[in-house]
Structure formats: structure tokens, C-alpha cells
2 protein chains.
Amino acid sequence: MSPAVVDATNAPRRRQARSATTRLKLLEAALHEFAAHGFEATSTRAIATAAETQQPQINYHFSSKEALWRAAVDHLFERLDDVVLRQVEASPPVTDERSEFAGHVRAFVHAAAQLPELNRIMVHEATVASDRLAWIVDRHVRPRFEALTRAWRALRSKGVVADIDETVLYYSIVGAASLPYVNAPEALLLGHDTLDETFIDRHADALVAIFLGPNGTDA
Amino acid sequence: MSPAVVDATNAPRRRQARSATTRLKLLEAALHEFAAHGFEATSTRAIATAAETQQPQINYHFSSKEALWRAAVDHLFERLDDVVLRQVEASPPVTDERSEFAGHVRAFVHAAAQLPELNRIMVHEATVASDRLAWIVDRHVRPRFEALTRAWRALRSKGVVADIDETVLYYSIVGAASLPYVNAPEALLLGHDTLDETFIDRHADALVAIFLGPNGTDA
DNA sequence: GTCTATAATTAGATAGAC
DNA sequence: GTCTATCTAATTATAGAC
């Protein structure tokens with residue numbers, strides 16, 4: 001093939017590849033900025049600069065700032081499921097429901113540390129009612145809330161865990177598991193690196209022991 | 001006294017009283033708005049409107065938006081100490097260190113529910129390093145962090161509580177105690193009113209049981 | 001001290017060249 | 001698809017009348 005023909009056939013492909021790259025870089029930059037500052041306080045210019053592109057690219061690829069936010073949140077929850085699944089699969093197989101629950105608590109602690117953006121975006125949004133909050137709760141939070149509370153109810157009715165209300169338990173576990181990573185910049189100022197692997201392991205061990213008793217991992 | 005004399009002596013006093021009222025209304029409105037939206041996303045116009053005054057009053061009374069934020073945060077931590085002290089004094093007297101710690105956990109849960117603005121402002125600020133975060137950590141967080149970790153170390157060295165790292169414990173307690181109230185609008189969408197008194201009591205009971213064992217309140 | 005008017009920046013979104 | 005230039009609206013802070 002002559003160079004002219006090669007150009008004619010490959011140039012569109014290269015453009016498509018670059019477009020996909022721009023889109024992904026915008027998503028990643030948006031996650032980081034929205035998690036750090038919240039939706040309103042994040043400027044589309046700051047996101048574009050972090051993504052090494054121009055501000056109007058946001059409207060071209062996502063039509064609006066809010067559409068970019070929703071795409072970034074969807075992307076983030078996909079990654080959460082990946083991380084949790086990988087963690088659960090990497091742990092030794094479990095025989096009973098209580099150690100299965102313990103495994104999920106451990107997995108969620110590691111995911112919260114690995115994806116601090118998730119719980120940061122949640123607390124930025126959850127402090128006031130809004131269309132964005134209603135959207136994220138309907139689409140992502142409620143199914144997870146119901147899965148966790150259902151599992152806890154099952155353990156509770158069998159009498160193998162403490163007699164604690166499921167909503168109390170949900171918020172206590174999520175709050176205890178996420179705050180060290182949501183507030184990592186604060187912890188650093190206090191002289192503690194919560195993103196250190198040994199901290200994360202101690203944290204996961206402590207939460208399993210606290211919420212499921214000293215033998216949380218065994219039968 | 002003639003009306004003219006009364007006016008001459010009382011008008012300045014009335015103006016001072018109105019000034020103090022404007023200042024206080026701005027402080028309260030600022031707390032509510034900053035807690036809901038975070039510093040950058042809160043407009044001084046919204047604060048002034050909520051305080052039923054004009055936007056330039058903020059610069060007159062506090063010189064800048066950031067100075068208002070600092071005054072509001074100082075005001076908030078004063079109220080936290082009030083609420084915690086009142087709670088601790090209202091509970092039955094304690095005989096040992098473990099039940100004293102349990103009383104403080106209970107008091108903090110009630111304070112977190114009564115002053116959701118406190119932990120909302122903390123999470124809005126703590127997700128990224130900034131001058132405001134450094135200020136609030138140095139002035140308000142560090143002394144409280146050190147008091148709690150010191151008390152836990154004492155209990156731990158006596159072997160009367162679980163063997164959990166003090167930094168892990170601090171963030172787990174604060175996270176578990178505050179999230180239901182920080183995220184109260186989210187919980188409402190899930191169908192749970194976390195600001196209901198019976199929820200708060202169940203929550204406080206659960207945290208004491210979880211972190212201090214089933215006999216947290218006894219010797 | 002309170003209030004209106006406004007100055008100086010910055011925001012999200014769009015037009016149009018390439 | 002990418003990029004520059006720009007429109008409209010909203011921001012914090014200030015000037016000055018009362």
C-alpha cells in the first residue's frame with residue numbers, strides 16, 4: 001500500500017484512539033477533582049488541565065459538567081466491584097456465613113483505601129439533598145445497602161453476631177471503614193499515614209474483631 | 001427624660017444590639033451552608049440571604065468569606081464542648097476508667113447527631129490538603145485526637161479493652177459515630193430517619209458494646 | 001451599621017477555524 | 001476530534017449614600 005492509502009485508512013483509527021484516550025483521561029481527572037473538592041467547587045478548567053486537554057473537550061465528550069460527573073461515578077462503582085471481587089477471590093475459601101461476612105468487611109476496607117475517591121464523593125454529596133444525591137442513591141447505594149443489611153439480618157437471626165440494628169450496623173461499618181481514607185490528608189497532618197499497608201491491615205483486622213467478635217474469621 | 005434624650009442615649013445601644021444579632025445570624029447561617037455545601041461551593045450571597053441580611057455585611061462583620069468560616073468553626077467547636085460536657089454531666093457518675101470512656105463515646109454520638117455541621121465541615125475540608133485544613137487540625141482536631149488516643153492507651157495498657165492501635169481506634173470511632181448524621185439526607189432517601197431519638201440511642205448503645213465489650217458501662 | 005450599586009474575576013457552555 | 005476565542009452569568013469584595 002502507498003503511504004497515501006495507509007494514511008487514509010489509519011488516520012481515522014488514530015483519531016478514534018486519541019478520542020478514547022481523551023475521554024478516559026477526563027474521567028480519571030474528574031474523579032480525582034470531584035473527590036477532592038466536591039461537584040460545585042470543582043471547575044471544568046481544573047479537570048481539563050489535569051487531563052492535559054482543553055476545557056471545551058468536556059462538553060464535547062460528555063455534553064455537560066454534570067454528565068461528566070455521572071459518567072465518572074459509574075466508572076468508579078465499576079472499579080469498586082472489581083476491587084471487592086478480586087479481594088474476596090484472593091482470600092482463602094470460607095465455610096460459614098460469618099466468615100464470609102468477615103471477608104467482605106476486609107475487602108471493603110481494602111477497597112476504601114484503594115479508592116478513596118468513592119467515599120469522598122459520597123460524603124461531599126450526602127450532606128444535602130439534591131438531584132445528584134437521589135441519582136447516586138437509587139443507582140448505586142440502595143442495592144449495596146440492601147445486600148449488606150440482608151446478610152446481617154441472616155447472621156443476626158441465627159444468633160451468631162451481636163444483636164445490632166441493621167441500619168446502625170451499616171453506617172457504623174461504612175463510617176469506620178472509610179474515614180481513615182476519606183480524611184487521609186487530615187491524618188497525615190496528625191502524623192499518621194493511613195495509606196500505609198500495615199495500617200490498612202491493622203484496620204481491617206480491628207474491624208473484623210470489633211464487629212464479628214474475636215473469632216470473626218473462623219467458624 | 002424627654003423623648004429626644006431617650007433617643008440620643010438608646011439609639012446607639014439599639015444599633016449595637018442589632019449589630020450583634022446580625023453577626024450571630026451570619027454565624028449560624030454560615031455553619032449551615034458551609035456544612036451542607038463546603039467552603040468553595042457556598043456563596044456569600046446564600047449565607048446573607050439565609051441570615052436575612054445583605055451580602056456586604058459579611059465583609060463588614062468578618063472582613064472576608066474565609067474569616068467568617070473560621071469564626072463559624074470556632075463557634076461550632078465551642079458548642080461541641082458544651083454538648084459533650086452537658087451529656088457527660090447528665091449521665092450517672094462512673095467509678096472506673098472504662099465506663100468513663102464509654103460515657104464519652106455515648107456523649108460524642110449524641111453530639112454528632114445534635115451538631116451534624118461539625119463532622120460535615122470536617123469531611124468537606126479533610127479530603128484535600130489546604131490552609132483551612134491545617135488551621136482546623138492545629139487548632140481543634142489535634143488536642144482532641146491526643147486526648148482520645150491517650151485515654152485509649154491507658155485502657156489498653158491495663159488490658160481492659162481490645163488490643164487495637166489507637167489511630168485505628170480514633171478513626172473507627174469517629175467514623176462510626178458520625179456517618180449516620182453526616183449522611184442523614186442519604187439515609188432519609190434509603191427510608192431511615194437517623195435523627196430520630198430511638199435511632200440515636202440504639203446507635204450509641206451499639207458503639208459502646210462494639211468498642212468496649214458487652215459490659216462497657218459496668219466495671 | 002445598613003444598604004445599593006458596581007468593580008474585577010471566574011464560572012460553564014458555545015461558535016467556528018482547523 | 002481538537003483547539004482558540006468568546007458569550008453570559010455568577011462570584012467576592014469594595015465605594016459611597018444614608
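Order of the sequence lines fixes the chain letters, A, B, ..., with proteins taken first and strands second; residue numbering starts at 1 for each chain. Predicted model, so just to flag it, every value in this text is computed and none were measured.
Residue B:S19 places its side chain closer to C:dG1 than to any other of C:dG1, D:dG1, D:dC3. Side-chain atoms of B:Y60 lie closest to C:dG1 of the nucleotides C:dG1, C:dC3, C:dG12. Here D:dA15 is the nucleotide among D:dA15, D:dA5, C:dG12 with the atom lying nearest to any side-chain atom of B:P56.
Residue A:T53 has a polar side-chain atom (N or O) positioned under 4.0 Å from OP1 or OP2 of D:dC3. Here B:T22 does not reach the OP1 or OP2 of C:dG1: none of its side-chain N or O atoms lies under 4.0 Å away. Regarding contacts with the backbone of C:dT2, every side-chain N or O of B:Q54 stays at 4.0 angstrom or more from both OP1 and OP2.
Using a 4.0 Å heavy-atom criterion, one finds that B:Q55 contacts the bases of the nucleic acid, with or without backbone contacts as well. If you check every strand for non-hydrogen atoms under 4.0 Å, B:T21 touches nothing. Residue A:R18 is in sugar-phosphate contact alone, with no base atom involved, counting any heavy-atom pair closer than 4.0 Å across all strands shown.
Rounded to whole Å, the distance from CD on A:Q57 to P on D:dA5 is 15 Å. For the pair B:K25 NZ and C:dG1 C1', the computed distance is 14 Å after rounding to whole Å. The CZ-C1' distance, from A:R45 to D:dT4, rounds to 12 Å in whole Å. The nearest whole Å value for the distance from the CG atom in B:N59 to the C1' atom in D:dT11 is 12 Å.
The residues A:D74 and A:R70 are annotated as not salt-bridged, no charged nitrogen and carboxylate oxygen being separated by less than 4.0 angstrom.
Side-chain atoms of B:N119 never come within 3.5 Å of backbone atoms of B:M122 as a donor-acceptor pair (strictly under, hydrogens ignored).
Exactly one of B:H124, B:E117, B:R120, B:H37 qualifies for a side chain to side chain donor-acceptor pair (under 3.5 Å) with A:T127. That residue is B:H124.
Residue A:H110 qualifies as enclosed at atom NE2: its count of foreign heavy atoms under 6.0 Å is above 12.
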